[in-house]
Amino acid sequence: MTRQEILTELKKVISPYTTNKEMLADINENTDLIRDLKINSANLVDIIIDAEAKYNIEIDYDAADKMMNVGTCIDVISERLK
Amino acid sequence: MISAGNDIVALTAINAARTKQPEFYSKILSPAEKSLYQAPLPEAVPFEIFVWLLWSVKESAYKFLQRHNPALLFTPVKFEVKELHFPTGFTINNFNVGEIEAVGFADDFAIKSTLRFGEYTLYSRSLIYNELLLSTVNDNDSFDDVYWGIKAIDNADNEIQSATVRDFSLNRLKELGFKNPVISKNGHGVPVLMEGGEEIKIPVSLSHHDYWVAYAFSLNKAE
């Protein structure tokens, strides 16, 4: 998958956890999950679990802590899809 | 260390079934922390609430340390709760009131923990109600100078949560003698207390989740 394809799918993973749908439509690799999309930190584990299920990958805690913005989420996912 | 860290979790908003799944809680708890959940604790506290209790302690500790280390990443399992003490005869009750404000935590009411992250040892006090749980962290085991508050709100919109928790904490500071305090956020997202255009070195921690907001600050930590 290209980074753009991962980003498109990632929007669907993130969508249930943000009410800021306008910002979600315009996300880029610099979009911060908490500050920009106003996702509550209590939902970060949900996003990781949902991403694991969607891409059939395992994201360990050392990788999970990097998933703070869209770009680093794509990095972690694309590394595990190789 | 001049800092503050708190976290509130709306227990009505968590997914209890998902929390109990190993793939979920193993991203929050270390195996040693899971072993802290032993008799008689399970009789009083469901496992999913135990998980979120430790989450809130860890998140509070992260906020406490991140004020001075903006690049710090939040890896829950690396913030390890070493000791956890519940008051004798602990039970979970309804919140029942619109808001609570206090200084310090009564020994017969609050859950205490000791937590380590790298070289740091931190301490927490937590409260659990049926609707929510709240944690506050300090770098010593006294919370006598920690002012805190919990408030129910009727709109969970993010902007309203943020505005309400700021007003809630600022009103408390005004009661304590500050004339026109303002809270802004620095470039790393950390709340900074200002008055008359100058920063006041009182660390304030703000938290919100769903229909709940909470603040914590420590007056004696002022420089």
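Just so it is clear: chains get the letters A, B, ... in the order the sequence lines come, proteins before strands, and each one is counted from 1.
Proximity to chain B (any heavy atom under 4.5 Å) is shown, for A:I34, by neither the backbone nor the side chain. Within the 4.5 angstrom heavy-atom criterion, atoms from both the backbone and the side chain of A:D46 approach chain B. Neither the backbone nor the side chain of A:T19 comes within contact range of chain B; no heavy atom of the residue lies under 4.5 Å from a heavy atom of that chain. Proximity to chain A (any heavy atom under 4.5 Å) is restricted, for B:E59, to the side chain, taken from C-beta onward. Only the side chain of A:E52 comes within less than 4.5 Å of a heavy atom of chain B; its backbone N, CA, C and O stay farther away. When heavy atoms are compared at a cutoff of 4.5 Å, B:I28 approaches chain A solely by way of its side chain, counted from C-beta outward.
Remark: A:N28 CG is packed, more than 12 non-hydrogen atoms of other residues, nucleotides or ligands lying under 6.0 Å away. Enclosure of atom NZ in B:K34 is not indicated, since only 12 or fewer non-hydrogen atoms of other residues, nucleotides or ligands lie within 6.0 angstrom. For B:N94, the CG atom counts as densely surrounded, since its 6.0 Å shell holds more than 12 non-hydrogen atoms of other residues, nucleotides or ligands.
Highest contact tally toward chain B, considering only A:K66, A:K38, A:M68, is held by A:K38 [criterion: heavy-atom pairs under 4.5 Å].
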Residue pair A:I49, B:K27: steps toward the side chain to side chain contact (heavy atoms under 4.5 Å, CB included) verdict: CA-CA 9 Å; A:I49 300 277; B:K27 290 190 162 41; 4.2 Å; yes
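Formation of a donor-acceptor pair under 3.5 Å by the A:N40 side chain with backbone atoms of B:H208 is found in this model.
Considering all non-hydrogen atoms of both residues, A:A42 and B:H209 come closest at CB-CE1, 4.0 Å.
Close approach to chain A, defined as a heavy atom under 4.5 Å from one of its heavy atoms, is seen in B:L73, B:F74, B:T75, B:V77, B:K78 of residues 71-80 of chain B, taken by number.
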